[in-house]
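In what follows, a single structure is set out as structure tokens and then discussed.
Everything quoted here is computed from the prediction, not taken from an experiment. To find a chain, count down the sequence lines: A is the first, B the second, and so on, and within it residues start at 1.
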Amino acid sequence: GAVVSQHPSRVICKSGTSVKIECRSLDFQATTMFWYRQFPKQSLMLMATSNEGSKATYEQGVEKDKFLINHASLTLSTLTVTSAHPEDSSFYICSATYTGGTGNIQYFGAGTRLSVL
Amino acid sequence: KQEVTQIPAALSVPEGENLVLNCSFTDSAIYNLQWFRQDPGKGLTSLLLIQSSQREQTSGRLNASLDKSSGRSTLYIAASQPGDSATYLCAVRGGTDKLIFGTGTRLQVFP
């Protein structure tokens, strides 16, 4: 099956720093990628839709200036958490849409655990 | 607005039992429904995907059914094993590629 790589798997940073998370589709091209956030013992919440070559579409309540998304190529989307604070500590997961076969299927990365001190 | 709910929220059973996990959604206009497994601190593993025109899908000991008109799906796990312990998430896809996830069922199977 299709593979999505997410890096880093874990990051610990000081409050006020910015953190970049990468999401790569390894063996297919993805015009659309998604970024999710998951708090402990809760489900995944869609943050934004990343579109190759255009601006990301953010869900209601998600600050676009706080969570910068760049989808510069068909295999790479990045999420930058700017000026991170402890309340940004969470598990971030990306997915990439594979088009083909029986329809569009999303494949997920392994996630990034962000801890802001 | 689509809302997805899963019942029960948590389940603890002895090894060997057959299990049913439930997923309900408020808007029946879905494109497909997918069941995922998530181990603690890990990403998602896709288990089964049911297209809106299908009634069920099977993979090994897993069987997922879909009743779109009533907004329900069930995941049946036969002869549960300790290795099945994880959180199970269902997700529905509407007209766009967006997935709306359910609240999850945390399953523990003890020897």
Segment of A:L44 engaging chain B (4.5 angstrom heavy-atom cut-off): both

Value rounded to 0.5 Å, distance of NZ in B:K98 from OG1 in A:T32: 11.5 Å

Honestly curious: do A:L74 and A:F108 fall in one hydrophobic cluster under the side-chain, below-4.5 Å linking rule? no

Main-chain N/O of B:G104 paired with A:S43 side-chain donor or acceptor, under 3.5 Å: no

If one checks every heavy atom of B:Q6 against chain A at 4.5 Å, the contacting part turns out to be neither

Is atom NE2 of A:H7 surrounded by more than 12 heavy atoms (other residues, nucleotides or ligands) closer than 6.0 Å? no

Segment of B:I100 engaging chain A (4.5 angstrom heavy-atom cut-off): neither

Within 6.0 angstrom of B:R61 CZ, more than 12 heavy atoms from elsewhere: yes

If you count every heavy atom of other residues, nucleotides or ligands that lies below 6.0 Å from B:R72 atom CZ, does the total exceed 12? no

Can you hop from B:V109 to B:L21 via hydrophobic side chains spaced under 4.5 Å? yes

Cluster question for you: counting only ILVMFWY and a side-chain heavy-atom cut-off of under 4.5 Å, with indirect links fine, are A:L46 and A:V62 together? no

Neighbour count >12 (heavy atoms, 6.0 Å) for atom NZ, A:K41: no

Is the closest side-chain heavy-atom distance between B:R93 and A:I105 below 4.5 Å? no

Is B:I50 reachable from A:Y107 through a run of hydrophobic residues whose side-chain heavy atoms are each under 4.5 Å from the next? no

Find out whether B:K42 and A:F91 are in side-chain contact, i.e. whether some heavy atom of one side chain is under 4.5 Å from a heavy atom of the other. no

Please determine, by modelled atom types, if A:Q106 and B:Q34 share a side-chain donor-acceptor pair under 3.5 angstrom. no

Is it possible for you to say whether B:V4 and B:W35 belong to one hydrophobic cluster, with membership spreading through side-chain heavy-atom contacts below 4.5 Å? yes

With chain A, the option among B:T45, B:T103, B:L99 that has the most non-hydrogen atom pairs under 4.5 Å is B:L99

By a 4.5 Å heavy-atom criterion (distance strictly below it), what part of B:L44 contacts chain A: side chain, backbone, both, or neither? both

Calculate, to the nearest 0.5 Å, the distance between atoms CE and CZ belonging to A:M45 and B:F101 respectively. 12.5 Å

Which portion of A:Q6 sits near chain B, non-hydrogen atoms under 4.5 angstrom: neither

So which part of B:S46 gets closer than 4.5 Å to some heavy atom of chain A, the side chain, the backbone, both or neither? neither

